[in-house]
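Here's the structure, in structure tokens; my notes come after.
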There are 2 protein chains.
Amino acid sequence: MGIVRKTKSVKKVIDTFENANQALSVVELVKKYDGEMNKTTVYRILERLEEEGVLHSFTGKDGLKWFAKQEDASKVQSTHPHFQCQECGKSECLSVDVEIPSVPNYSIQKANLILVGACSDCQS
Amino acid sequence: MGIVRKTKSVKKVIDTFENANQALSVVELVKKYDGEMNKTTVYRILERLEEEGVLHSFTGKDGLKWFAKQEDASKVQSTHPHFQCQECGKSECLSVDVEIPSVPNYSIQKANLILVGACSDCQS
DNA sequence: AATATAATGCAACTAAGATGCAATAACAAA
DNA sequence: TTTGTTATTGCATCTTAGTTGCATTATATT
């Protein structure tokens, strides 16, 4: 169903994403809220926020689940890639558009595009 | 490091990839070899074959690890995408090239590109 | 204030993947 | 072909991400 009630925990999570200009992994969030919010609650809030269209998710290079805010309704179905830094581990949405190739006999519905490298803070 | 000894198990794994024109998930392989090869062994053989350049790996849409044979030495560092079918779960390397956008201040070293949809067998 | 039910906490579970160590099997050299 | 070295395997155990069921609590509505 999605979010029906704006609980304290829900507000906290929304607030965290408002103030973070980057994607956050579930693992990271569970740690962040340790003591104030149950692990299961974090998972469920993220799930609902995604259904609501407030957040979107992707699978990181190491198989972990990440979430980031859904900036704009118009961008919802667009296939923007996510960048993940090998040095510091941070991840963020890239606003560039990646051309999804069309492949004969295949219908492509969505994409999980992870670009891996070094972010601006971690250049050597 | 890499492979030093061609054991029966190693030969089996190589043979499986030779005869499979698709990517195989570790989970799938562990199941396939149940009874004849230990789970840990499967993980370690795949790891070594990847180091050797015989296989390459990627992270699937659900966070699982997949392997596929490294067709050609020249393609090693190329960024080909992987297709994953939502219906049957099968995955394979696509030979098309995806244009990796360059992002100012970011150095992109590699990519994990997963295209999700319906394969030729699963069109509705 | 009373009520219906969405949301949370808790405990327990599942599944992927990793690790340490003793036993075994490749393979090079004798 | 036997022997010795050591890479590889099996086994048990562990770690961690993510899920589930259920009783309790909190939110929003009347």
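Remember, predicted model here, so these are calculated numbers, not experimental data.
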Check your understanding: Would you say the side chains of B/Y33 and B/T16 form a donor-acceptor pair under 3.5 Å?
Key -> yes
Exercise for review: Check whether any side-chain nitrogen or oxygen of B/T7 sits under 4.0 Å from OP1 or OP2 of D/dA7, and answer yes or no.
Suggested key: no
Review point. Between A/F17 and A/L29, is a side-chain contact (heavy atoms from CB on, under 4.5 Å) present by the stated rule, with each step listed?
Key: CA-CA 10 Å; A/F17 278 97; A/L29 288 166; 3.7 Å; yes
Review point. Which whole-number value in Å describes the distance from A/R48 CZ to D/dT27 P?
Key: 12 Å
**Study point:** Rounded distance (Å) that lies between atom C1' of C/dT8 and atom NZ of A/K12
**Key:** 13 Å
Practice item. Starting from C1' on C/dA6, measure out to CD on A/E52 and report it in whole angstrom. Key: 13 Å
**Study point:** Flag, side chain of B/N19 to backbone of B/D15, donor-acceptor distance under 3.5 Å
**Key:** yes
**Study point:** Pairwise ring pair (Phe, Tyr, Trp, His ring centres under 6.0 Å) hits with a residue in residues 85-116 of chain A, at least two apart
**Key:** A/Y106-B/F83
Review point. Is there a donor-acceptor pair closer than 3.5 Å between any side-chain N or O of A/T59 and the backbone N or O of B/K61?
Key: yes
Check your understanding: Which part of the nucleic acid, if any, lies within reach of A/V30 when heavy atoms closer than 4.0 Å are counted: base, sugar-phosphate only, or nothing?
Key -> nothing
Check your understanding: Mind checking whether B/H80 and B/H56 have parallel, tilted or perpendicular rings, split at 30° and 60°?
Key -> perpendicular
Practice item. Provide, to the nearest angstrom, the distance between the CG atom belonging to A/D62 and the P atom belonging to C/dA16. Key: 17 Å
Point to revise | Counterpart residues, side-chain contact (heavy atoms from CB on, under 4.5 Å), relative to B/Y43 (two or more places apart) | key: B/V26, B/V30, B/K39
Review point. When the distance from NZ of B/K6 to P of D/dT6 is rounded to whole Å, what number comes out?
Key: 22 Å
Scan nucleotides 22-25 of chain D against the protein and return all N/O pairs shorter than 3.5 Å with their distances rounded to 0.1 Å.
none

Check your understanding: Rounded to whole angstroms, how far apart are OH on B/Y43 and C1' on D/dT15?
Key -> 13 Å
Protein-nucleotides 1-5 of chain C N/O pairs closer than 3.5 Å?
residue	atom	partner	partner atom	Å
C/dT5	O2	A/R5	NH1	3.2
C/dT5	O2	A/R5	NH2	3.2

Check your understanding: If Ile, Leu, Val, Met, Phe, Trp and Tyr residues are connected whenever their side-chain heavy atoms lie under 4.5 Å apart, and connections chain through other members, are B/L24 and B/F58 in the same group?
Key -> no
Check your understanding: Under 6.0 Å from the CD atom of A/E99, do we count more than 12 heavy atoms belonging to anything else shown?
Key -> no
Study note, to complete from the structure: Heavy-atom nearest nucleotide on DNA chain C taken for B/L64 and for B/K8; more 5' hit belongs to B/L64
Study note, to complete from the structure: Between CD of B/E28 and C1' of C/dA16 the distance, given in whole Å, is 15 Å
Review point. Is the side chain of A/E51 donor-acceptor paired with the backbone N or O of A/R48 at a distance under 3.5 Å, no angle test?
Key: no
Review point. Where along residues 34-41 of chain A does a heavy atom come under 4.0 Å from DNA chain D, residue by residue in number order?
Key: A/K39, A/T40
Check your understanding: Got a sec, which residues hit side-chain contact (heavy atoms from CB on, under 4.5 Å) with B/E18, two or more places apart in sequence or on another chain?
Key -> B/I14, B/K69
**Study point:** Nucleotide D/dT9, atom P - distance to OH of B/Y33 in whole Å
**Key:** 12 Å
Revision key, fill the gap. By nearest-heavy-atom nucleotide on DNA chain D, the more 5' of B/V42 and A/V26 is B/V42
Point to revise | Any donor-acceptor N/O pair, A/D62 side chain to A/L64 backbone, under 3.5 Å | key: no
